[in-house]
Peer 1: 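Submitted below is the structure of interest, expressed as structure tokens.
A, B, ... follow the sequence lines: proteins, then strands. Residue 1 opens every chain.
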There are 2 protein chains.
Amino acid sequence: MLHDPPSKPERSFEIVARRIAAMIQASYRIGQRLPAERDLAKTFGVSRPTVREAILSLAMAGMLKVRSNSGVYVISRQEAPDVHKLEGFGPFENLEARQLIEPQIAAIAAQRGTEATFAQLAEALAMMRWEHAQGREADTSDHRFHVVLAEATGNGALVSICDSLWRAQTESGIWQEIHNHMRMEDYRPMWLRDHEAIFAAVQARNPRKASSAMTRHLNNIRDALMVASKAKSMAATKLPKNSPRKIR
Amino acid sequence: MLHDPPSKPERSFEIVARRIAAMIQASYRIGQRLPAERDLAKTFGVSRPTVREAILSLAMAGMLKVRSNSGVYVISRQEAPDVHKLEGFGPFENLEARQLIEPQIAAIAAQRGTEATFAQLAEALAMMRWEHAQGREADTSDHRFHVVLAEATGNGALVSICDSLWRAQTESGIWQEIHNHMRMEDYRPMWLRDHEAIFAAVQARNPRKASSAMTRHLNNIRDALMVASKAKSMAATKLPKNSPRKIR
DNA sequence: AAAGCCAAGCTGGTCAGACCAATTTGGACT
DNA sequence: AGTCCAAATTGGTCTGACCAGCTTGGCTTT
């Protein structure tokens, strides 16, 4: 009851999309037509609108092609960015990998970044401030900031890795648990300052500063994570239940 | 703009999506909430499912963020340029990522490696020599060598990344093509020397030497790749006749 | 018998209305 | 003034229906 599903309220079309993707990878060839929407709906036990949303998402991911009044066809057997499946590692392992890679990404971004890059980074920062002002976690903007930085390298492999690591970290149950046991408000100014420093260094086209700013940021995350991890284990031993929940 | 007026039955959600995007760029700020789906449907004179599909497409494009039971929020004023439709990246992008990561993996392996690590690396090297003696490509042993090195870091995330990058590289069609256009025999002694140097540095627990040995190795791969890539493109343009075509 | 033609049926595209669950909000109560 | 609860709001999903273009199979015509 306490620990059953703090789970992800996943939209059902996402589940259906994954099942369709799996079905295709298992037994469909390129160019082949999928069953009709109505049949898929019956197969998966959902309504047609849900199936339509799943198909649309896969079409946008470049996996399917919808031809009106004809059918849905497979145009690629691999779903876009699931190249790296990083699951089952602790947040500390994940963080170490980020510490290895992201400072260098920041350095390259400082060299190769364009005005468009800076604009997108500034956008992410603006959104982060807004989310913080709302008293909300800035997960979306944080994700976007790091991915945009990776995109600035022009290297799709690095984008994919950075994206995977970020997702794996925030989706880890431990990470979520920890967020419940610490006052994130105390850290938000630091997160914001970290990102602003990275942005400034990148925009100034200073690779070394960008790299060290990113290193500092990730070190701060690691420190916070260690504090929280310790607090959590202590709380687990001393507080059986009824710990004051933060609003999420 | 869209020079296809006659027979382009555009799906209505695409029209709605464009209108929403225009609306946002005209008068919305980041973080701001959009009107409710029902209101948008009324505004644009379409049904709610159509609005939902439009919102979903913009969400997948990284422009909007949907929060259940709360609303739809602007996270970027511009549509993210084909982030999700990476058609797979070239071998050079892949190699650059490896150049960023693997030297550091080697350095960490030199610090944390155990006797078991050294034994497995030596095994991989022995296999490599044997495969070369057989006149075969040493892909299996090469793969194993790099993965074992990553495993020596004790970080599962790094193992996964290293493994993914290696697979993506060798599985890329371009990589395979190139192998057909160059005499790999000429390079094998170099590959072997490279790996032996890495192994020696790791076993000597010298992180700096391990890192630079790995860098040298990857630089050699890059050079060979460039030579082969050039040779291939020249062969394609200048030698229509008598080029040893592979049967496809 | 072969060629062409047309209607019935699939299939995606869209619409309308309804209910649910989670979030938000505002007022009532303490 | 602070707390707490219930109603309103909002996205999530379902049902069932109708439309328009493509497909197919049978039928007519040559």
Peer 1: Round to a whole Å and report the spacing from CG of D39(A) to C1' of dG9(C).
Peer 2: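 The distance from CG of D39(A) to C1' of dG9(C) comes to 14 Å, rounded to the nearest Å.
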Peer 1: Quick check: on DNA chain D, is the nucleotide nearest R38(A) upstream (toward 5') of the one nearest S70(B), or the reverse? Name the residue that is more 5'.
Peer 2: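 Closest to the 5' end, via its nearest nucleotide, is S70(B).
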Peer 1: Distance check needed: dA22(C) P versus N69(B) CG, whole Å only.
Peer 2: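 Those two atoms, CG and P, are 8 Å apart.
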Peer 1: I need the OH-P distance between Y73(B) and dT23(C), as an integer number of Å.
Peer 2: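 Rounded to whole Å, this separation is 12 Å.
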Peer 1: Name each donor-acceptor pair under 3.5 Å that joins a side chain in residues 26-36 of chain A to protein atoms two or more places apart or in another chain, with its distance.
Peer 2:
{"unit_1": "S27(A)", "atom_1": "OG", "unit_2": "M23(A)", "atom_2": "O", "d": "3.4"}
{"unit_1": "Q32(A)", "atom_1": "OE1", "unit_2": "R29(A)", "atom_2": "N", "d": "2.9"}
{"unit_1": "R33(A)", "atom_1": "NH1", "unit_2": "S70(A)", "atom_2": "O", "d": "3.4"}

Peer 1: Within the 4.5 Å heavy-atom criterion, are F13(A) and L56(B) side-chain neighbours or not?
Peer 2: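 Side-chain contact under 4.5 Å: yes.
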Peer 1: For a quick check of understanding: with a heavy-atom distance under 4.0 Å over all strands, which category does R67(A) fall into, base, sugar-phosphate or nothing?
Peer 2: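 Sugar-phosphate contact only.
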Peer 1: Using side-chain hydrogen bond (donor to acceptor under 3.5 Å, both in side chains) as the criterion, list what pairs up with T50(A), not counting sequence neighbours.
Peer 2: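 Applying side-chain hydrogen bond (donor to acceptor under 3.5 Å, both in side chains) to T50(A) gives S47(A).
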Peer 1: Please table the atom pairs, donor to acceptor, closer than 3.5 Å between any side-chain atom in residues 97-105 of chain A and protein atoms at least two apart or in another chain.
Peer 2:
{"unit_1": "R98(A)", "atom_1": "NE", "unit_2": "E102(A)", "atom_2": "OE2", "d": "2.6"}
{"unit_1": "R98(A)", "atom_1": "NH2", "unit_2": "E102(A)", "atom_2": "OE2", "d": "3.0"}
{"unit_1": "Q99(A)", "atom_1": "NE2", "unit_2": "N219(A)", "atom_2": "OD1", "d": "2.8"}
{"unit_1": "E102(A)", "atom_1": "OE1", "unit_2": "H146(A)", "atom_2": "ND1", "d": "2.8"}
{"unit_1": "Q104(A)", "atom_1": "NE2", "unit_2": "L100(A)", "atom_2": "O", "d": "3.1"}
{"unit_1": "Q104(A)", "atom_1": "NE2", "unit_2": "L100(B)", "atom_2": "O", "d": "2.8"}

Peer 1: Tell me, do Q120(A) and R144(A) make a side-chain contact under 4.5 Å, heavy atoms counted?
Peer 2: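 SC-SC contact between Q120(A) and R144(A) confirmed.
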Peer 1: Holding to side-chain hydrogen bond (donor to acceptor under 3.5 Å, both in side chains), I want the full list of residues that pass it with T117(A), two or more places apart in sequence or in another chain.
Peer 2: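 Listed in chain order: T114(A).
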Peer 1: Sequence neighbours left out, what passes salt bridge (charged side-chain N to carboxylate O under 4.0 Å, His left out) with D163(B)? Give chain and number order.
Peer 2: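 With neighbours one apart ignored, the set is R167(B).
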Peer 1: Taking salt bridge (charged side-chain N to carboxylate O under 4.0 Å, His left out) as the definition, give me every residue that meets it alongside R48(A), ordered by chain and number, with sequence neighbours left out.
Peer 2: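 With neighbours one apart ignored, the set is E37(A).
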Peer 1: Taking only residues two or more places apart in sequence, or in another chain, which ones meet R112(A) in a side-chain hydrogen bond (donor to acceptor under 3.5 Å, both in side chains)?
Peer 2: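 Applying side-chain hydrogen bond (donor to acceptor under 3.5 Å, both in side chains) to R112(A) gives E96(B).
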Peer 1: Output all residues satisfying side-chain hydrogen bond (donor to acceptor under 3.5 Å, both in side chains) with T153(A), sequence neighbours left out; order by chain, then residue number.
Peer 2: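 Testing T153(A) for side-chain hydrogen bond (donor to acceptor under 3.5 Å, both in side chains), a comparison that skips the adjacent residues, returns none.
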Peer 1: On DNA chain D, which is the earliest and which the latest nucleotide, 5' to 3', with an atom closer than 4.0 Å to a heavy atom of chain B?
Peer 2: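 From 5' to 3', the first and last contacting nucleotides are dT10(D) to dT13(D).
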Peer 1: Quick one, which residues of residues 40-56 of chain A touch DNA chain C with a heavy atom under 4.0 Å?
Peer 2: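 Result for residues 40-56 of chain A: R48(A), R52(A), sorted by number.
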Peer 1: Can you run down the salt bridge (charged side-chain N to carboxylate O under 4.0 Å, His left out) pairs that involve residues 190-205 of chain A, sequence neighbours left out, and say none if there aren't any?
Peer 2: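 Output for this query lists R129(A)-E196(A).
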Peer 1: Near DNA chain C, counting only heavy atoms under 4.0 Å, which residues of residues 21-29 of chain B show up?
Peer 2: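 Nucleic-acid contacts, sorted: none.
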